[in-house]
Every structure is written in C-alpha cells, then in structure tokens.
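Letters A, B, ... are given to chains in the order of the sequence lines, protein chains preceding strands, and every chain is numbered from 1.
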Amino acid sequence: MPEKPYDHTVIEEKWHQHWASGEHFRAEENAEKPKFYVLEMLPYPSGALHIGHVRNYSIGDALARYKWMRGFNVLHPMGWDAFGLPAENAAIKNQTAPGAWTQRNIEAMKKTHRRFGFSYDWDREVATCEPDYYRWNQWIFLKMYERGLAYRKKALVNWCPECATVLANEQVVDGCCWRHELTPVEQKALEQWFFKITAYADELLADIAKLEGGWPDRVLTMQRNWIGRSEGTEVDFKLEATGEPIRVFTTRVDTIYGATCVILAPEHPLVERLADEMGKSRAKAMVDARAGQDPGEITKEGFSTGAYALNPYNGERVPIWVGNFVLMTYGTGAIMAVPAHDERDFEFCKQYGIPIRPVIRPADGALPADPKEAFTEYGVVENSGEWNGLDSASARRRMTEKAEREGFGQGAVTFRIKDWGVSRQRYWGTPIPVIHCATCGVVPVPESELPVLLPLDIKITGTGRSPLADVPEFVHVACPECGGEARRETDTMDTFVDSSWYFFRYCDSKNDQLPFDPKRIAYWFPIDQYIGGVEHAILHLIYSRFFTKVLRDLGLIAIDEPVTNLFTQGMVIRNGAKMSKSKGNVVAADDVVEKHGADTARLFALFAAPPEKDVDWIDAGVEGQYRFLGRIYRFATRNAGGGLETTGEADRRILRRLHQTIGKVTDDFETRWHFNTSIAAIMEFVNDLYGAEGKLSKAAVAEILEKLALLIAPFAPYLAEELWEEQGRQGPVFKQPWPEADADLAREDEIEVPVQVNGKLRGRVTVPAGAAADAMEVAALADEKVRGFLDGKQPVKVIVVPGKLVNIVVR
RNA sequence: GGCGGAGUGAUGGAAUCGGUAGACAUAGCGGACUUAAAAUCCGCUGAGGGGUAACCCUCGUGUGGGUUCGAGUCCCACCUCCGCUACCA
C-alpha cells in the first residue's frame, strides 16, 4: 500500500466529529461490570486551558482509557469550579457581568477540552454557579445549621479603608491593599458564618490511617500537621487585682515554675481593661500589622500592661504583658512565658529584660546558670518545690492532676485546625440562605424556598459593602417566621464549599429532589483515582473529607472517606516560575493544539517528565512527538496488508520486542504511571520496526499493527482510532481488550552478561537465557579479555547474579 | 525555623529490588534523497587519552567520608535549588 502522510488536522477533525455525540464516553450504572471512578480536579473557568491542565487531564484520560480497555465500567466526569473572585475582578475591569463572563469562559474551555479528545461523560457536567448546583450548597448549609455545624461568630477580616471593602488574603500585598499600594490594610471584626470542622478534627486525624498506601505520604503528613493535635494543660493564673482567672494553654506545665510573665494576644479581651489608651492603640496596630505579612518576618514586640497575675502553683506574682506573637486563635489567646525552656519566650524576654529562670535540667547535666538559649527538651524538674526530681513526663501528668483536683485547670487537647470561616463579602458565590429579622433573629430560609437565587444583572464597583447589600430587591424580604420586614444575609459562601462535594453530584447531576441519590453514590463511590495538583493537598482535600463525614452523618452516604487513591501531579512551570497571567508566561492549550494537534500535545505532556514531577515547559521537544506519530502512521499505511509469505528470524525477533514492549507499558500502568518511559518504550519498538521493515511476514505485520494501535490508544487516541479503522477493525479502539504480553514470546534466547573484575567492567559474555550460575561463571572465566585482567591470579571469590552479571574478585 | 522533594551529558529525562550510567527525545554535526530547501531516511554525539581499524584505557551521577565483591541507588556530614508550612505555646 502507498504511504500516506500524517496529517493530524484531517484525522483529528474526523474523530472529533465522530465523538461529538458523547455516547462513547457515557457511564451507566451496571452491576455486572467492575466500576472505576477516575476524577481530575475540576478547573476554575479562567478563560483558557493552559498546559498544566492538559497535563492533568492527559494523565487522567490515559488511565480512564486504559481502565476501559481492561473491562471496567468507567466514570470520568468533568465540571467547572465556576464561582470566585476573578469573575468579579474581570467585571470591574471590563464592565461585564460575572455570570456572562464565566459562561463565555466555560464555553471556550469546553471547546478546547473537546479538541483534546478527553473521554468525559459530558452529560454529567456540573457548573457550580448554576442554581441547580448551588441550591444544594444552600441545602447542605441548612442541614449543617440545624445540627449546629454552621454557626455565627465575630471574626477579623482584612479591610481596606480606601476601598471601604473587605479584601481576600491574596488581595493584600505587603500589608497593603492591592489597589492602593500605600494604604495599610486593617483588621476589622465582622459577624461571620463558620463550619464546625473542629467537631470532626479527631476523626479527620484518625482516618488518615485509612488513606495510607492510597495517598502520597507527604499529603498525609501535611494534613496531620494542619490538624495539629497537641495535648497539654489549661491553667488559670489569677489576676492580682480582682482574682479573676486568666486561662493559658501549655504543653509543658512541668516548666511552670520557670514562668516569669503572662503574655496576652493583642486581641485578648483583657487588653481592653488592663492596658491604658496608649497600650490599646499599640495592640490595635499589632493586629493590623499582621495583615498579609509573612509571619516569619514579623519581629517580636510587646509591652507591659502594668498588671500582675499569680501563678497557681507557687503563688508567684508575675507581670502581664501583651505580645504580637501570641495568637488569639490558638489555645486560649494567652500564654505563660517560660523563657528558659521555650525559644520564642526566650527571644521575647531577653529583648525586654524579663528574668530567665531554668527549672529543667538535662537528665545527665546540671541547670545552666546563665542560659544562652532555651533548653526545650524533656529533662528533670528542679527549682519547683514539691515537684523537684520528677522527670518532665510524669511532672506533666501529676501537675495536671493537681490542677484538676484543685479546680484551677485541666488536661486539654488543642487543635491547630480552626473552624472554617465560609462567609465572603463578595458577589459571585452561593448566597448564604438565611434571613435576619429584627424580632426573630437569624432565621434559616425554608427548604421549600431554595434556591436563594443570586441576582444576575448587578453592577460590581469594587468598593463598599458586599455587592448584594446594594440590591434592594434581594435584601428586602419578609421574615419566614413572623412575616415582618427582614433582610437577607448578603454574604456568599467560600468557593471551597462548592468543590467539597461536587464529586458526589457527578453521580446524579440532574437530581432535583436531593443533592444526589444515595443508591447511585453507593454504586460509584469511593473515587478510585483522584488526580490533581499538590497545591490542594490541604484545604480542598481536608474540606472534601469533612463534607463526606457530614453527609454521612446526615444519612446520605455510607462511606467515611471519598477518595481511595490520590495522585498529585507536579506543576508545569515556565522559565522557572509558576505560570500565571500576571507573569505573562502562560502556555495556552489552544496554541499547542493548533500548532501540533491534540495527540502530539498530550503525548508531550506525558513524555516530558514522570507525572509527579514538576516540569519546566519548553516548546522544543514537542516536535519529537509529532515525528513519532508520523513514523507510526507512515509505517502503518505503507505496510498495510503487506509482508512476506513466510515467517523467519526477523519475525521472531520483532515479536519478542513487541511483547516486551506490551509488558513494559502494562507494568507502567499497573505500578507507577511513568508514562514517559512507556512512550519511550514504544518509540524504541517503532525504531526497531523500521529496522525490520521488509523482512517481516504478513501475519507479523498484521499483529504488530493491531497491537500498536491498542498500545497507543490511551496516549494518542485520535491516531489510534484512525489506525484501527484503516485496519478494517470494528471500533472504538479504547473499548477493545488491552493486549496481553505473551511471556514465552517475550523471552530472550541469549543474554549478554557483563563480567567485572574487582567491580570494574572488563568484558561481556553471551550465555543462553536462564543459564545456571556455574555455567555463567565458567563462561566468564573462559573469556580472553577477562583473563587478561586476572593477571594470572586465582579468583578469591566469584559472585554470580543469575541473568545479570558476574564479578570476579582477585587480590 | 519545621516538614518534604530534587541535584545525572548542551537540554528534558532513563537506569523500577545494590548489579553494563546516560535508554528515549530535543539540540548539534555528518551522510542519503533534492536543481535547492523543507520534510523524510540513515549515522555520530559525556570528558580526556590511545589505536589504520574492529576496538581499548582512564575519569565521570552536587561535595567529603563510610558500608559492600559491586553505590546514581544504602548510611553519615555538608553545599545548592525547589515546594509546602510557619511565633500553634
């Protein structure tokens, strides 16, 4: 047959049309077949897919297609994380409505998605900004409110006095507003909504054990650290003037005789009463200074309130200070400072001349007279009255018991993780479904009135209060309880709410009675493979686990954890920097597909590096993948139906290589997903194939062409489908059984074994495959070259690794 | 500061369990084809040295030590880069 040139535009356009109906990728519940739920993190519709997305989806798609070929019933959905701040920023900049802007972006990106030929079941598509999605955010919110898992409290927000608006953390640059670079951001307390994730802190921590093996260790470590459980003691110091308690949390109550002051967080309620006017304004300045600051950069500062507290263990009188490094949001917002045994306290006390008094000595040492640094390890208690001589661990235990017995403290477990603040003073998000009534207070919107619709035609100015507060039709509402005049909540939800349960919705995306039918979840869940960027290792993946547990406790699902296996791909960087619009180094997926075609782009995304590694995207190199596809296509077309009538040695050799290649690619899929080496193996095979061209039998050519199409199907689906069709076979290729490597055909007859003398490579001998150790030794010792290096000496020892190598040791 | 990852040719990377370092690809060089170029096909390509040649020798995986018959791979110390996290008492 005559060779045809590889024209990706023709091939890809053809199959693109063919797949447009979407029927090939539709997933349906089928109890007969094993299911496989493969999911890639849903993108924010920023306007265009970039090459980082392409990498993510190429990994997921290769796996989805492989699993199809392995006979699984595959669920492979896609959607849009469509709420969020960029839409509002674009609205301000371009005078467009956020909804319309988002919709346009989704359409553009979906088009790109389809050009790449990713195997999604688009019937299940979800866009989180659609009322039929976010109504279930509201529904879940109300269920959580009923159970006390959603509650209100005052919390600090970043506030720009110039815009008179709340800023997101990423809008704070060097402590100043991003739009007013000289205006320092202030901290302002607002009533806000919180999800009580701390109620699940213990379970979230304990269940990490269930994820081991399926999730990367570093993600689990990050989550453990983020939850940050620590056991300690809460102790009440007494305010000298009034006798009222000041509660502190410490993990080292054994050091309490070394406490030389009590330090309050600047927001601590007592500061209001203890500090003078000057102190109060200093405290306020400390709080504001924290906005957007790199915490490591903040230098410790503080001031004395002039008040004193009494140590409950020894009655000692210690001064009360305010310190900027004490956090109101952790523990009790107040600490006892033990400079001799805590680095931070040491630094602070040294700076202000507060005494440093050691009370713990190393088990094998003495108390230092004038410590140069804090001794933070466990040791033996000294200078501590009745407790002297105890080791730290038992002192902790017994001193805590005393506090409990005498009522001035107790054992306590503190978590680093805080309740999840979900209120956003923003427009483009899910309206929080509550109503504020002057008589009835906070009233949830009745379930029957959901969804609370987000009004679409509004002006976003970027200044003032929550944008929704300026929409009278939205705000004014009758109270569902008393019928009186009331106003709607004008804050919207954090977009992490949207992405915390979307993977359930995919299973039943059109349900208008419930967020999803529990039966369908039972079939598809848990997610067998979740794939996404490691940047979501903490927030998204903890919130998703939290929601799963909440939905379980609501009786909607029966599982504890949503994701069995997590794969975190590396980032695609560009010129050593993370791709971002502001840096102007974004590689658009559209450009790549335009120039080289979808198969080439996908192949290159997988070939550039193993998927878990970061990769610096350089255009050079894409060419090679295009050439590779062309080599396959040209070989296939010019050899179609061709070949010798008789079979010979060339057949045997190339079929051996074919089956070795199948084995290699299969192994990569089953164990480590290093598709760069899978593709390299197929390239090597094709190179060998070129060498054997013209020497192969008809039967061998046919088998090779068939298997080759199957082998590349997960990586280059367009070309695979085209080859499959040209061979006159019934498609689609990605629903065919994955080829099996035939171990007998793959086996080598002879192997070349390196021979070392004293560990240095000195020669090679050829032996039959499977040769016994002594046969290998004989062959090695008989080799002329090797003998030259033996210098006539007798081997002291010969190490033989069957099938691998021989090492002869001489002295 | 804490936790994690990585350092291999000009470049991306390979070497999966301690066993031939540099597969595969890019870039470069040379050849074939062509009036010419592109495309394609073939060959060479870690450094240094030797040989007419097939080939051979020495060195070589961030640095310095160690374990081992044998180390890119394991252990110790250090250097550099990257990511995450960060006064969490």
Summarise protein proximity over nucleotides 68-74 of chain B in one line of letters, 5' to 3': B for base, S for sugar-phosphate only, - for none, counting protein heavy atoms closer than 4.0 Å. -BS----

How would nucleotides 45-58 of chain B be written as a contact map, 5' to 3', with B for base contact, S for sugar-phosphate-only contact and - for no contact, using protein heavy atoms under 4.0 Å? -----------SSS

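When distances are taken from the side chain of A/Arg627 to each of B/A27, B/C84, B/A89, the shortest belongs to B/A27.
Between A/Phe635 and A/Leu689 the shortest side-chain heavy-atom distance falls below 4.5 Å. Looking at heavy atoms from C-beta onward, A/Leu603 lies in side-chain contact with A/Ile679 at the 4.5 angstrom threshold.
Between A/Ser230 and the phosphate of B/A89, there is a side-chain N or O to OP1/OP2 separation shorter than 4.0 Å. An OP1 or OP2 oxygen of B/C24 is reached within less than 4.0 angstrom by no side-chain nitrogen or oxygen of A/Asn676. For A/Arg634 and B/A39, the shortest distance from a side-chain N or O to OP1 or OP2 is not below 4.0 Å.
Nearer to the 5' terminus of RNA chain B, by closest-nucleotide assignment, is the contact made by A/Ala609 (compared with the other of A/Ala609 and A/Leu805).
Interface residues of residues 331-340 of chain A facing RNA chain B, ordered by number: A/Ile335; criterion, heavy-atom separation under 4.0 Å. A heavy atom closer than 4.0 Å to some atom of RNA chain B occurs in A/Ala680, A/Met683, A/Glu684, A/Asn687, A/Tyr690, these being the qualifying members of residues 678-696 of chain A.
The residue A/Val326 sits close to a base: some heavy atom pair falls under 4.0 Å. Within 4.0 Å (heavy atoms only), A/Pro5 reaches no atom of the nucleic acid at all. Among the heavy atoms of the strands, none lies under 4.0 Å from A/Thr329. When heavy atoms are screened at a 4.0 angstrom cut-off, A/Arg218 is found touching the sugar-phosphate backbone but no base atom. A/Glu752 comes within contact range of at least one nucleobase, with a heavy-atom separation under 4.0 Å.
The ring-ring contact (aromatic ring centres under 6.0 Å, His included) test applied to A/Phe607 returns no partner, not counting sequence neighbours.
In this structure, A/Arg762 is positioned above the aromatic face of A/Phe789, its NZ or CZ under 6.0 Å from the six-membered ring centre and within 45° of the axis.
Between B/C82 and B/C75, the two C1' atoms lie 25 Å apart (nearest whole Å). Taking atom P in both B/C59 and B/A21, one finds a spacing of 12 Å when rounded to whole Å.
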Verdict with supporting geometry, A/Phe346 and A/His341, ring-ring contact (aromatic ring centres under 6.0 Å, His included): CA-CA 7 Å; A/Phe346 184 89; A/His341 303 294; over 10 Å; no

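Anti is the glycosidic conformation of B/C29, whose angle departs from 0 by more than 90°. For B/G9, the base adopts the syn conformation, since its glycosidic angle falls within 90 degrees of zero.
Aromatic pair A/Phe303/A/Trp321: ring centres not closer than 6.0 Å. Taking the ring centroids of A/His596 and A/Phe604, they lie at or beyond the 6.0 Å cut-off. Checked against the 6.0 Å centroid criterion, the rings of A/Phe325 and A/Phe348 qualify as a close aromatic pair.
A/Thr637 places a side-chain N or O within 3.5 Å of a backbone atom of A/Arg634 that can act as its donor or acceptor partner.
Between A/Lys804 and A/Val753 the shortest heavy-atom distance is O-CG1, 3.9 Å.
Both key distances under 3.5 Å define a Watson-Crick or G-U pair, and stretches of 3 or more such consecutive pairs in RNA chain B run B:1-7 with B:79-85, B:10-12 with B:24-26, B:28-32 with B:40-44, B:46-50 with B:55-59, B:62-66 with B:74-78.
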